Amino acid sequence: MSEENLHEILGDIERSVRDFTEAEAALAEAEQRRDHTRQAVLEQVERLHAEVDAVHAPELIGVLRHLYWQQPGIHGRPLAEAAGLHLHDMLATIGPAPSGILCADCGTELLRTSRSWKPPARYGRRCARTA
């Protein structure tokens, strides 16, 4: 290996390590910002709950439904607690979410019943009524 190639490779490693270190710092900053903003959202849900003074107020349920189904980075249990509910009660209150997948037999849209819900296999897409 020539001295020139060795110097080039070592320079590339140095640049890559510097880029990696900068990326790690940016990631840590983004994670801290995410955690802070998540907490801010939960505090706003607490304020909304206190303002409407009812766990089944349409405004609160609408916010909970959106946050639970559209913002997976906001965890369910703290969200429910911020709204004055237990997780199970919140899930029962907000209900399932549309999946965009239709039953292969009857054409009814399949519903997501949890965040971990996975679409059924391509040819096994059946609703509970036709399964």
Side-chain angles (χ1 to χ4, degrees):
M1 175 178 286
S2 73
E3 191 70 30
E4 186 177 304
N5 284 346
L6 182 60
H7 182 70
E8 181 182 333
I9 291 169
L10 291 174
D12 289 345
I13 290 172
E14 184 179 334
R15 280 186 294 282
S16 293
V17 168
R18 187 174 40 249
D19 289 347
F20 180 78
T21 301
E22 289 172 7
E24 288 278 308
L27 179 59
E29 184 179 327
E31 288 173 342
Q32 184 178 20
R33 181 169 176 245
R34 180 202 58 207
D35 293 345
H36 176 76
T37 56
R38 178 190 297 133
Q39 186 58 41
V41 168
L42 294 173
E43 289 169 4
Q44 294 301 317
V45 170
E46 287 176 359
R47 283 186 58 209
L48 177 60
H49 172 246
E51 185 65 29
V52 297
D53 199 31
V55 295
H56 292 86
E59 301 86 358
L60 181 59
I61 298 307
V63 166
L64 293 175
R65 184 175 290 122
H66 170 78
L67 292 174
Y68 183 79
W69 290 113
Q70 303 302 319
Q71 303 296 327
I74 298 176
H75 306 294
R77 192 169 312 280
L79 179 60
E81 290 170 0
L85 293 163
H86 293 286
L87 179 60
H88 178 74
D89 296 331
M90 181 187 76
L91 295 175
T93 300
I94 66 172
S99 70
I101 299 172
L102 303 180
C103 173
D105 289 334
C106 71
T108 301
E109 184 169 20
L110 301 178
L111 297 176
R112 292 178 57 202
T113 55
S114 73
R115 284 179 167 174
S116 61
W117 182 86
K118 301 274 189 255
R122 182 177 177 152
Y123 298 106
R125 295 178 177 172
R126 305 268 190 289
C127 68
R129 290 181 286 170
T130 62

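Atoms considered below: every heavy atom in the structure, side chains included; atoms not considered: hydrogens, waters and symmetry mates. As the structure is a prediction and not an experimental result, all values here were calculated from the model.
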Rounded to the nearest 0.5 Å, how far apart are [atom1] of [X] and [atom2] of [Y]?
X	Y	atom1	atom2	answer
Arg38	Gln71	CZ	CD	11.0 Å
Leu10	Leu6	CG	CG	4.5 Å
Glu29	Glu24	CD	CD	13.5 Å
Glu8	Ile13	CD	CD1	11.0 Å

* Linked hydrophobic residues, Val63 as query - side chain contacts closer than 4.5 Å -> Val41, Leu42, Val45, Leu48, Val52, Val55, Leu60, Ile61, Leu64, Leu67, Tyr68, Trp69, Ile74, Leu79, Leu85, Leu87, Met90, Leu91, Ile94

* Asked: For Asn5 and Ser2, which heavy atoms make the closest approach, and how far apart are they?
  -> N-OG, 3.1 Å

* **Pro98 to Glu109 - nearest heavy-atom pair and separation** => CB-OE2, 3.4 Å

Other residues, nucleotides and ligands only: do more than 12 of their heavy atoms fall within 6.0 Å of [atom1] on [X]?
X	atom1	answer
Glu31	CD	yes
Glu22	CD	yes
His66	NE2	yes
Arg77	CZ	no

* Asked: Quick one: do Glu14 and Arg18 make a salt bridge, cutoff under 4.0 Å?
  -> yes

* To do: Sorted by first residue and then second, give each side-chain hydrogen bond (donor to acceptor under 3.5 Å, both in side chains) pair with at least one member in residues 44-53; sequence neighbours left out.
  => Gln44-Arg47

